[in-house]
Visitor: 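Following this message is one structure expressed as structure tokens.
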Amino acid sequence: MAASDAARARAQSLKAELERHSHQYYVLDDPLIADADYDALMRELEELEARHPELVSADSPTQRVGGAAATQFTPVRHPLPMLSLSNVFDAEEFGDFHRRCAEQLGLEHLEFVAEPKLDGLAISLIYEHGLLVRAATRGDGTTGEDVTANVRTIRAIPLRLRAAPALIEVRGEIYMDKRGFHAMNARQEAAGLKTFANPRNAAAGSLRQLDARITATRPLTMCCYGIGQFDDSARPATQWATLAFLRELGLRVSPESRVVSGVEQALAYYRELGARRAALGYEIDGIVYKVNALAQQEQLGFVARAPRWAVAFKFPPDERTTRVLGIDVQVGRTGALTPVARLEPVLVGGVTVTNATLHNADEIRRKDVRVGDLVVVRRAGDVIPEVVRVVLEERPADSVPYELPESVPDQALAARVQAIIHFASRRALDIEGLGEKLIEQLVQAGLVSTVADLYTLTVEQLAALERMGDKSAANVIAAIEQSKATSLPRLLHGLGIREVGEATAGNLAAAFGRLERIRAASVEELETVNDIGPVVAASIAAWFADAGNLEVLEQLIERGVHWPEFEVAPAEQLPLKGVTVVLTGTLPNLSRDEAKARLQALGAHVAGSVSKKTDLVVAGEEAGSKLDKALALGIPVLDEAALEALLAEPARIKDCLTAPAADPS
Ligand code: IVH
């Protein structure tokens, strides 16, 4: 039945009313009517649309969830890159940031907009003629994923703006507030489903659902903080006016943002919001300061992947107190004993912590951690939790200093097991299917005591072990066989020489080319290798001086382990010889060790800190004070793409060293 004028008019008015209430509720946090009344209006519209399908429009509040589940997310290239922010961690670093901006602009002090740094995921929303047409995640900043169907289910995001510029790209953060997060985890748990460690993971997991109907059940919300593409000449002239403009369009912006002038006001706001942080309904991990005037932003420009006109001033990492229930000792791959504190479970930064490493005997002595102590535990980012200090006032009167034992029962056995686990691991000899439990069995059964013994095993021996079928036994033997063809860096890494990790193994291989030459090298010769100091050099020399180790090495070779000679370019041919590079931040694709090893293979010196001697800085995400220092010293900065280009064509180094800091805009 065709819709009558009356039905059409009623549908229009219902849409408008539902939109207004949705805005009041989700954007302004100020509902005007009861939920039940809202639901009744929604039902009426649904019924009307069911009777007259031609009244359904894409921006109807009934159309937030729709369509079939996707099989994957389509990549979307951002017309303007989505940048990240450099970080500062204390007042001094913030002062440096302010001074740099002020000097470059020739001003005494600057006006900033301070915004809470929401801990969620960055999103880009494209509205054409007022209609939401595409939502994309940040991805690597250049290419993200199309999550439009999912984003449409988030009620704080209007499907239609209150004004209709031909094209506007809105940027902001999608996140989950603490209440929604806890309620959702409770629901998940009750349903026997996976729970999330923290609101950030929960938000990311919820947004990346292939079925938008699932996203629709998750309490996501969004706060907007900027404009990307905009076809209008009337772009607001300040960040503050931008926020007001976004609000007028019907978008949610943080009520906590402020204009601050100069360092003093900026720091005062940092302290103020920091004090209220725990009481906020959502998690923030710092404050973002943005130079207010757009004209000044343009003058300051960009470096690598971050604007020079903005900075994230991070809050200190989350710290909690808890009780030490016991101290256990673990045996490492080199046989070294590592003490681990067993803790009364405590939630730190959204993750339940039950263990914290105490590193070694020196560390325990220095911190004087004892069983029964109340300790401050910290988790910074994704790193392993650590004990920061003991709360001495709370120390039980009868506590005694902890002594790390010289040895533990079965230590030799445990060390053997650890050494073999390490040898077989993915980044060493990469023997698939040879896991920890199996290795333990092999060592306990006396079938294997060194890594070379692995190459004597037979299918029959394995199949006779507990929980081992013929099929799996054959698979493991095949994997062991396959591991025989390896590379020198993998072998060196796998041997478990103390202080020699993946990067050092790569350096050694690159510098000497052949195992024989490493074995014959003196401590002094070893020390000439990139990044190898006296301690590492001594440890390598000691390893090769041990008859038992040499025997294992010989057996490995006898039993068929082989590797091609490693190409060493004569020093004078190394294109990056004499170039000192510092890596900082997280690169989107390359691991830090990999980047380092590849730079070193070309002769570069990779240093740990930025100084006047630094030639290049490679900056990834969350690059902090090193990047700032590089900028202050005028050192060229590369992002990952530029680094890849350089690694592919090292002759480009001349351009890298002479070019001014990269400017992606
Ligand atoms: S502005 C040009 N403002 O932080 C600067 N980012 O490290 C681009 N974030 O990817 C970002 N709150 O996910 C900006 N008020 C805020 C923010 C914010 C959170 C996140 C965002 C971005 C990351 C940068």
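Each ligand, and each atom within it, is numbered from 1 in the order the structure gives.
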Visitor: Hey, does W309 come in under 3.5 Å of ligand 1, counting only N/O atoms on both sides?
Guide: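 No.
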Visitor: Quick check for you: to the nearest 0.5 Å, what is the distance between L220 atom CG and I157 atom CD1?
Guide: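 The distance works out to 8.5 Å.
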Visitor: Is P307 in contact with ligand 1, taking contact as a heavy-atom separation below 4.0 Å?
Guide: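 A heavy atom of P307 does come that close to ligand 1.
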Visitor: Determine whether any heavy atom of E621 lies closer than 4.0 Å to an atom of ligand 1.
Guide: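 Under 4.0 Å: no for E621.
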Visitor: Got a salt bridge between E283 and R200, using NZ or NE/NH1/NH2 to carboxylate O under 4.0 Å?
Guide: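 No.
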Visitor: With a cutoff of 4.0 Å, is P116 in contact with ligand 1, counting heavy atoms of the residue only?
Guide: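 Distance cut 4.0 Å: P116 passes for ligand 1.
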Visitor: For a 4.5 angstrom cut-off between non-hydrogen side-chain atoms, does D119 reach P199?
Guide: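 No; the side chains remain at least 4.5 Å from each other.
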Visitor: Please list the nearest protein heavy atom to atom 3 (N) of ligand 1 with its residue and the distance rounded to 0.1 Å.
Guide: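 For this ligand atom, the closest protein heavy atom is K290 NZ, 2.9 Å.
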Visitor: Got an N/O contact under 3.5 Å between E115 and ligand 1?
Guide: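 Yes, E115 has an N/O under 3.5 Å of an N/O on ligand 1.
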Visitor: Could you check atom 23 (C) of ligand 1 against the protein and tell me its nearest heavy-atom contact, residue, atom and distance included?
Guide: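 Its nearest protein heavy-atom neighbour is K117 NZ, 4.0 Å.
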Visitor: Considering only heavy atoms, which of Y175, Y225, Y289 lies nearest to atom 17 (C) of ligand 1?
Guide: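 Answer by nearest heavy atom: Y225.
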Visitor: Looking only at heavy atoms, is any part of V288 under 4.0 Å from ligand 1, and if so is it the side chain, the backbone, or both, or is it neither?
Guide: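 It is the side chain that touches ligand 1; the backbone stays farther off.
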Visitor: Using a 4.0 Å cut-off to any heavy atom of L118, which atoms of ligand 1 qualify?
Guide: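 Taking each heavy atom of L118 in turn, ligand 1 has 12 (N), 19 (C) under 4.0 Å.
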Visitor: Would you please indicate if the ring centroids of F112 and F97 are separated by under 6.0 Å?
Guide: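 Ring-ring flag for F112/F97: true, centres closer than 6.0 Å.
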Visitor: Rounded to the nearest 0.5 Å, what's the gap from CD on E272 to CZ on R258? Could you check?
Guide: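 Separation between the atoms: 6.0 Å.
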Visitor: Do R308 and C101 come within less than 4.5 Å of each other through their side chains, counting heavy atoms only?
Guide: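 The answer is no; the side chains never approach within 4.5 Å.
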Visitor: Applying a 4.0 Å heavy-atom criterion (strictly less than), which segment of R138 is in contact with ligand 1: side chain, backbone, both, or neither?
Guide: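 It is the side chain that gets close, since no backbone atom is under 4.0 Å.
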Visitor: Going by the atom numbers of ligand 1, which of them fall below 4.0 Å from some non-hydrogen atom of L83?
Guide: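 Reading through ligand 1 atom by atom, the close ones are 8 (C).
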Visitor: How close does the nearest protein non-hydrogen atom get to atom 9 (N) of ligand 1, and which residue and atom is it?
Guide: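 Answer, as residue, atom name and distance: E173 OE1, 3.5 Å.
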Visitor: Is it true that the side chains of E169 and S124 contain a donor and an acceptor less than 3.5 Å apart?
Guide: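 Short answer, yes.
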Visitor: Looking only at protein heavy atoms, identify the closest one to atom 7 (O) of ligand 1 and say how far it is in Å.
Guide: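 Result: L85 N, 3.4 Å.
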Visitor: Hey, could you give me the CD/CD distance between Q239 and E111, rounded to the nearest 0.5 Å?
Guide: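 It comes to 11.5 Å.
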Visitor: Kindly say whether the aromatic ring centers of F94 and Y289 come within a distance under 6.0 Å.
Guide: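 When the ring centroids of F94 and Y289 are compared, they turn out to be within the sub-6.0 Å range.
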